[in-house]
Structures are given as structure tokens and as C-alpha cells.
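Comments concern the structure below.
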Amino acid sequence: MAKKTMIEAIRDAHHIAMEADEKVVVFGEDVGYFGGVFRCTAGLQEKFGKARCFDAPICEGGIVGAAIGMAAYGLRPCIEIQFADYAYPAYDQIVSEAARLRHRSGGQFTAPMVIRMPTGGGIFGGQTHSQSPEALFAHVSGLKTVIPSTPYDAKGLLLASIEDNDPVIFLEPKRLYNGPFDGEHDKSIVPWSKHDDAEVPDGHYTVPLGKAKIVREGKDVTILAYGTMVHVAKKTAEDQGIDAEVIDLRTLVPLDTETIAQSVQKTGRCVVVHEATRTCGYGAELVSIVNELCFWALEAPVERVTGWDTPYPHSQEWDYFPGPKRLGAALNQVMEA
Amino acid sequence: MTDTGRSYLHVPEPSFRPGDKPTFDEMIIPKAGAARRPPVDVHPDDIQDLARTIIRVMSSDNEAVGEWAASLSDEEALEGLKDMMRLRTMDARLLRAQRQGKTSFYMQALGEEAVACAFQKALEPGDMNFPTYRQQGLLITSGYPMTSMMNQIFSNSQDPMKGRQLGNLYSSKEHGFFSISGNLATQFVQAVGWAMASAIEGNDRVGVGWIGDGSTAEGDFHAGLVFASTYQPPCVLNIVNNQWAISTYQGIARGNAATFASKGLAFGLPSLRVDGNDYLAVHAVAKWAIERARKRLGPTLIEYVTYREGAHSTSDDPSAYRPKDEADGWPLGDPIERLKGYLIARGVWSEDRYAQMASEIEDEVAAAQRESEAIGTLLEGDKPGPRDMFEDVYEEMPPHLREQLAQSLKEAGEG
């Protein structure tokens, strides 16, 4: 089995999906001839032709709107928004249109489509190339929201998303594209080729939507994480010598509450972690769910570790990023309570 | 304006407000038959003048004149008259039903019936409209059952949208009528995307985008034009300029700088402006544009010049912002009266037969309404239940919605 970066895994998923189903079309800014600014669609136009993989005007609302029309026709568009930060002009098309089409038309029209977008920080991208807007999508009924943390999951989840008959927001943690990132930004990057989760089988497989994965078993505290923070959580637990169970949620909607509840019932402690801003972040939902399902098993209040409620900064990136130090302090707090 | 020596903000104002005596003297109305009909493969640059005129077929003598005439037989024109009459009759009855509290909201197409009715007549099964909320004439013309429309208006248990949508926001895949959002302009670029899919699939099914004059200010209008221009899919893009966006006159969407049709010129799209109250002209231009699309000659932009005779909706009172008698002076007349006059002049119709047909249509619409109201109205009779609210959010109901449904059914005493 070959090792792949997350970019290669995503590219592989595209090739397999487009080979398997001629209804799958791929487009977005710079995705055609050039193959995408992160190279996730490289080779698709050459292999499948310009009608199935093409460049779009710089018009996110148009990209999503056109994809909705295509999906209503019977195609299965898998489109790229160049950065999640650029999705806002398309928000109306995503929220009021793609998400609601099946419901508002009495099931006559549907929007089976995937909207891929690189998310999160850690690359010195400043305000408009670093945001984590997952809560804005998870809040919307009718959307599924997916975020992988490994090349293996990226490929399997993307194939599952393309085959899903509902609109899926597929957030790709861009800091993980070329290697896992445990938050220790001053150390040299470990490439995916040195990581077990980069083993990506050839050919078709899926990772089901709505299923979390326990990526580190433990008895003392549950860490709920997704995307880049999964790696930060694992590393912090190791370094602190805490027997933490780390759950990679993988899909935010629908959420695997069963796996969460089982773990917190066992550990009695929980820390919720994400890069995104704190107020009304997805972590708030997770804390509520843990309280609803596990309150009587809790030994300590649930802690939330997040980015600050500021715009994502440039030079202060590592002051903003919820790295091992912030997470470690929260873990100590719940363990001491 | 006097130069006061400092900058000022230009805010366009309509020529007339309540209390004023409205005229449309400043509106330039070309003679019927004056505009040429170019071949469908004409280069867009060669017909830029058609974006700035008004293509008209029916003359003041009720004759069809010029190169755009004769796209319809007398029988077809008569069907068109009947479609418009059914639409107007249905609108009037449902407006009353709203006033009687049988539904929450209604929007009529009064005065602009020809636009949707004549356009639909030029389409084929398999084509798809992406309409706004004032194109119920498309459904009437395509033979969608009037009772189904009313069941939706009343949100009763037979409502095809299962109580989820406002009444006027219809949807019928079978009748080539895409689900209406209620958010404006979103459908315009979706229509282009649908037509792109038609091209990707190697088909010649035509996607039709609809938008109002006010909504052309939205980004999605420009997105639609960019995508249409770039990918040249088989689509027709329709702007219904009925002069008013709720209380805002059309000048606020463009400051009277140019016609709405001329917005297509910068995108290299053939752009035509047509008399929207002239059933024959609308049909002829629609047919031309659809033929272009079907022959893989690309998209066409069309502006229909018409007038919103009624209120925006049942929640609106136009006497607050425009002269009450403004509609009376509208120089392009009434679409039903004009087509009726044409058919009478042709000798294939008469006032008596018109009156008889009006009475038959009144009976037909009343019967449909009785049938629908017997099933239920918004406040009485069988209604969609909580389960209908939870279904179709996703293809399969996820666990969190199943839990919420159970709770909702319990609240409703059905659990």
C-alpha cells in the first residue's frame, strides 16, 4: 500500500469518482488546466476532458449556483472553493438553495453535490486564508459537514461525499495537506510519508459519513477534535502523559453522538477543541451535547479550547492557534477538578 | 441642478408619486412591426440596437405586423388568450381567498400575464424554467393542474410541497418548473448551470432563467451573465421589467443609465427588448431565442417591458408609493385586451364568445377552488403534519432529526 499526502489522496478520490460515474463533474477557480492552487485536481482535465473538469470565473456564488443547476439536471458536481474564507459570497446559494432544495420542492429536486474548500490556519495565511467556518455550515439544516484529518480518511470521506445524495461541505485542513501538524510550529515538518495514516489503498473505498473514529484510546479524559486539532490533541496527550481518549469526529453533521457519549461515560471528563473562534463555535454544540448525554457521568466541567474571538492574525498566528500549550492547560484543569 | 459647490448623492426618483398625475410621455414606444427580425445565427454585435428598442407585433389597429409576426396560428393565439384569462381569474379568486383568511399570502401576475404564458408556449417538454414568484403563467400554460396550485396556496394535506413553502413558490419537475426560492436572483445562475449540464450531457434541452428588474442588481444576475457568456450553454435569460420592485421603481436598479436588456451587451450576449404586454411579440422573441439555444448558438438575454398592475403581494399597498391611476396610463395596454382585440380583428373571435369563455373559465376556476378548499385551507381541514416538516431535509433522516421528530410528534399529541 502506497503512502500519499492528503493532496494526493484527494486527487486519487477525484480520479476514481470520475472514472466510476460520468455524472461527476469538477470545476472551480484554477482547478482545470492548472489543477488547483493546492493541486488537488491536477490531471483531471487532461484525463476526463474540459467538459468534466474546467476553470470557473472568480465568482463563488456563480460556482455554487451553477453547480446547483447541474445537480438538479442530474449531474453530481464536486466543486472547489479556493479557500473556505472565499465561501461567503456563495453562502446564500449554499444555505438558501442547495441545503433546502429537496425539502422545499417536496423531494422533486435535489442537490447531490460536494463543495470542497481548504480550511484552517497554520500557514501564515492571514485573515482571509486561515479561517475555520465549519460552524456556519454545521448550523444549516440540510447540509452535511465533513472534515478529514488523514489522507486515508480524506480519500474515503470524499468518495462517500460524492456518492451521497445530499449537499456536503467538505473542509480540507490545509495545514495537513502535506504532512500531519501537531501544533509544534517551531519544529521541522514531518511529511505524510513518515506517518502510518498516510497509507492509502489503491482503488475505491469509502469512510462512512456520520461515524467518528477513536484515534487514541484512553481512560481518563475524552478529547473531541477534528481536522488539524486531532493531531494536536494526540501529541499533547502523549507529551502530558495523560491517558486521554482522542475522538476524531470526521463528520460534524450528522454527528456520531453515540461514540462521544460512550467515551465520556467511560472517562467522566471531556475537553472540546477547535481552531475556529470560540463564541458560537462548533465546540459550544459539542459541550451542550456532552452535557445532555453525559452530565451525571461528568467529574469536571467540560473545557473548551479554541481560537480567540479575533480575526485570524498574520504575525501573531501562533498566539492565536490553540496549540499544545492551551490544550495542555485545559487538560490539566479537567484532570485536577 | 444648481451647483452648490459641494458633492451630493444622486438618488433617482420616479417621475410620479401618489397625488401626481402620471403620464408616460417620456417613454419611447416604437411602432409595431418596426424592429427587424435577424437570422438566429446573427452576430450579437450586429443587433445591439434590439437591446434599446421595444420589439412589438400588435399594432394599435389590432393587426400583427412586421418581421416578428405570424409565429402563432389563430388556434394557438386563442389558446394563449385562454391561458391568460385562466391565470387572471385564478389570481383574482386566490387574492379574495387570502382576504378571507384562507391563506397567509398571495401574489398575482395582473397586467403581465403575457410574459410567462407566451414564453411557455415556445418551450418543449424537457426544458426547464427557473422562475420567480410571478411566473405562475408558466404552470397554467404547461397544463399543471390548477387544484395542485391551490392545494399549495392553502397548504392543505394535498399540497405537493407538504406545507413547507409559501403558496406562490411552486415547483414541478414534470412541468419544467424549478423550485422557487423566495430569495431573489439565486435561480438566474442556477438556470445557466442547468443548461451547462444539458451541454455537458450533449443534449439540447433549454434552461430558462427568470428575474425581475429590481433583482438584476443582485450579484447572482451578473454571475448568470458571466457563466452564460463564458460557457455558451443552451439557455434563455429573461428579465421581466414590470417597473416596480415592491415600492422601489426600476430606476433604483440602474439609475436610468441604460435598458435592462443592454446589460447583456458587455457579455457579448444577443440582447433583445420586447413589449411584454404583446403576447405575439413575446412568443416570437421567445421562439427565436429558444431556437438559437437549441441550435447551439448560445444564450440570449431578453427584457420584457411590462407593468405590475397589482400590488407586489397581499402584504403590500402600492397607493403608498405610486399614483393610484398609474396603471391606467400604461402605454402598452393590457395583454388580454390586446390579444382579444387581435383575434376579433382576425374575425376568429367575438365579444360574445369572449364573454362566454370568461364565464366558463370562472366556473372552471371556482370548481377547482371548491375541490381544493374541500381538502383544506391554511386554518381548516386536513393539513400536513410535523412529520412532513422533518422529511426531505436529508435523503435519510439522521438520528438528531429522528429524535426531534419524536419530540415534535409528542408535542402535537401524535407520539
Side-chain angles (χ1 to χ4, degrees), chain A residues 22-23 25 27 49 51-52 54-75 77 89-90 92-93 95-112 141-144 164-167 209-210 251 253-258 289, chain B residues 128 130 152 159-162 164-165 169-174 177-183 185-203 205 207 209 218-220 222-224 226-227 229-231 233 388-396 398-401 403:
Chain A
E22 64 177 19
K23 304 286 183 194
V25 293
F27 64 102
R52 291 188 61 202
F54 52 88
D55 291 322
I58 303 172
C59 179
E60 290 79 12
I63 291 168
V64 176
I68 291 166
M70 290 181 192
Y73 190 96
L75 299 184
D92 189 29
Q93 289 284 358
V95 173
S96 315
E97 304 294 316
R100 299 203 200 131
L101 187 56
R102 179 192 297 278
H103 190 259
R104 78 174 196 220
S105 69
Q108 294 182 61
F109 295 96
T110 58
S141 58
L143 296 178
K144 293 179 178 173
D164 198 275
N165 287 328
D166 291 309
L209 306 188
T251 304
V253 178
L255 181 68
D256 184 356
T257 50
E258 208 176 299
I289 285 170
Chain B
M128 185 66 71
F130 287 72
Q152 182 169 344
D159 169 8
M161 299 320 123
K162 305 178 186 182
R164 298 164 186 161
Q165 274 279 49
L169 308 183
Y170 305 109
S171 178
S172 175
K173 192 171 191 176
E174 190 188 341
F177 192 97
F178 187 73
S179 160
I180 300 174
S181 169
N183 277 24
T186 50
Q187 73 283 352
F188 206 66
V189 65
Q190 291 165 1
V192 178
W194 192 93
M196 287 168 70
S198 178
I200 289 168
E201 294 276 78
N203 296 330
R205 297 165 69 187
E218 290 278 12
D220 282 336
H222 297 269
V226 173
F227 277 67
S229 173
T230 300
Y231 302 109
D388 294 301
M389 176 166 63
F390 285 92
E391 283 173 349
D392 291 332
V393 180
Y394 298 94
E395 185 181 38
E396 284 175 39
H400 68 290
L401 284 184
E403 271 173 40

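Reminder, nothing fancy here: chain letters follow the sequence lines and each chain counts from 1. Just so it is clear, the model here is predicted, and its values are computed rather than measured.
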Open item on the list: Give me the atom names and distance for the closest heavy-atom approach of B/D392 to A/G106.
Closed with: OD2-C, 3.8 Å

Task: Distance-minimising heavy-atom pair for A/S141 and B/Y394 - done: C-OH, 4.1 Å

Task: OH-OG distance between B/Y170 and A/S105, expressed to the nearest 0.5 angstrom - done: 16.0 Å

Open item on the list: Side chains of A/E97 and B/S181: any donor to acceptor distance under 3.5 Å?
Closed with: yes

Open item on the list: For a quick test of reading the model, state the closest non-hydrogen atom pair linking A/S96 to B/N183 and the distance between them.
Closed with: OG-ND2, 2.9 Å

Open item on the list: I'd like to know which of A/A71, A/G69, A/G65 tops the heavy-atom pair count under 4.5 Å against chain B.
Closed with: A/G69

Open item on the list: Given heavy-atom pairs under 4.5 angstrom as the criterion, report whether the side chain, backbone, both or neither of B/E201 touches chain A.
Closed with: side chain

Open item on the list: So which residue, B/S171, B/A223, B/P160, ends up with the most heavy-atom pairs under 4.5 Å with chain A?
Closed with: B/S171

Task: Donor on one side chain, acceptor on other, B/Q190 and A/Q93, under 3.5 Å - done: yes

Task: Value rounded to 0.5 Å, distance of NZ in B/K173 from OG1 in A/T110 - done: 6.5 Å

TODO: Give the member of A/K23, A/E258, A/E22 that has the highest number of heavy-atom pairs under 4.5 Å with chain B.
DONE: A/K23

- [ ] Select, from B/V226, B/D220, B/V192, the one with the greatest count of heavy-atom pairs under 4.5 Å involving chain A.
- [x] B/D220

TODO: Rounded to the nearest 0.5 Å, what's the gap from CZ on B/F130 to CD1 on A/I68? Could you check?
DONE: 10.0 Å

Task: Top contributor to chain B contacts, counting heavy-atom pairs under 4.5 Å, from A/V64, A/L255, A/I63 - done: A/I63

Open item on the list: Please find the pair of heavy atoms, one from A/G62 and one from B/F227, that lie closest to each other, and give the distance.
Closed with: C-CZ, 3.4 Å

TODO: Give, for atom CE of B/M161 and atom NE2 of A/H103, the distance between the pair rounded to the nearest 0.5 Å.
DONE: 12.0 Å

Task: Beyond-backbone contact of B/S179 with A/L101, side-chain heavy atoms, under 4.5 angstrom - done: yes

Task: Contact winner vs chain B - A/P254, A/A51, A/A72, heavy-atom pairs under 4.5 Å - done: A/A72

Open item on the list: Ignoring hydrogens, what is the shortest heavy-atom contact between A/G61 and B/V189? Give both atom names and the distance.
Closed with: O-CG1, 4.3 Å

Task: Per-residue contact mode, A/A67 against chain B (heavy atom under 4.5 angstrom) - done: neither

TODO: Taking the side chain as every heavy atom from C-beta outward, state whether B/M196 and A/F54 have any pair of such atoms under 4.5 Å apart.
DONE: yes

- [ ] Return the option, out of B/S198, B/G207, B/P398, with the maximum number of heavy-atom pairs under 4.5 Å with chain A.
- [x] B/S198

Open item on the list: Between A/D55 and chain B, with a heavy-atom cut-off of 4.5 Å, which part of the residue counts as in contact: side chain, backbone, both or neither?
Closed with: backbone

Open item on the list: If you define the side chain from C-beta out and look only at heavy atoms, does anything of B/F178 sit under 4.5 Å from A/Q108?
Closed with: no

Open item on the list: Report which part of B/E395 has an atom under 4.5 Å of a heavy atom belonging to chain A: side chain, backbone, both, or neither.
Closed with: both

TODO: Name the option with the most non-hydrogen atom pairs under 4.5 Å to chain A; the candidates are B/R205, B/E174, B/M128, B/H222.
DONE: B/R205

Task: Heavy-atom pairs under 4.5 Å with chain A, option from B/D159, B/L169, B/T186, B/I200 with the top count - done: B/T186

TODO: Could you tell me which non-hydrogen atom of A/R104 sits nearest to which non-hydrogen atom of B/I180, and how far apart they are?
DONE: NE-O, 3.6 Å

- [ ] Counting only heavy atoms closer than 4.5 Å, note whether B/D388 contacts chain A via side chain, backbone, both or neither.
- [x] backbone

Task: B/V393 vs A/R100, side chain to side chain contact (heavy atoms under 4.5 Å, CB included): CA-CA, chis, key distance, verdict - done: CA-CA 7 Å; B/V393 180; A/R100 299 203 200 131; over 6 Å; no

- [ ] Indicate whether any N or O donor in one side chain lies under 3.5 Å from an N or O acceptor in the other, for A/Y73 and B/N203.
- [x] yes

TODO: Check whether any side-chain heavy atom of B/W194 lies under 4.5 Å from a side-chain heavy atom of A/M70, and answer yes or no.
DONE: no

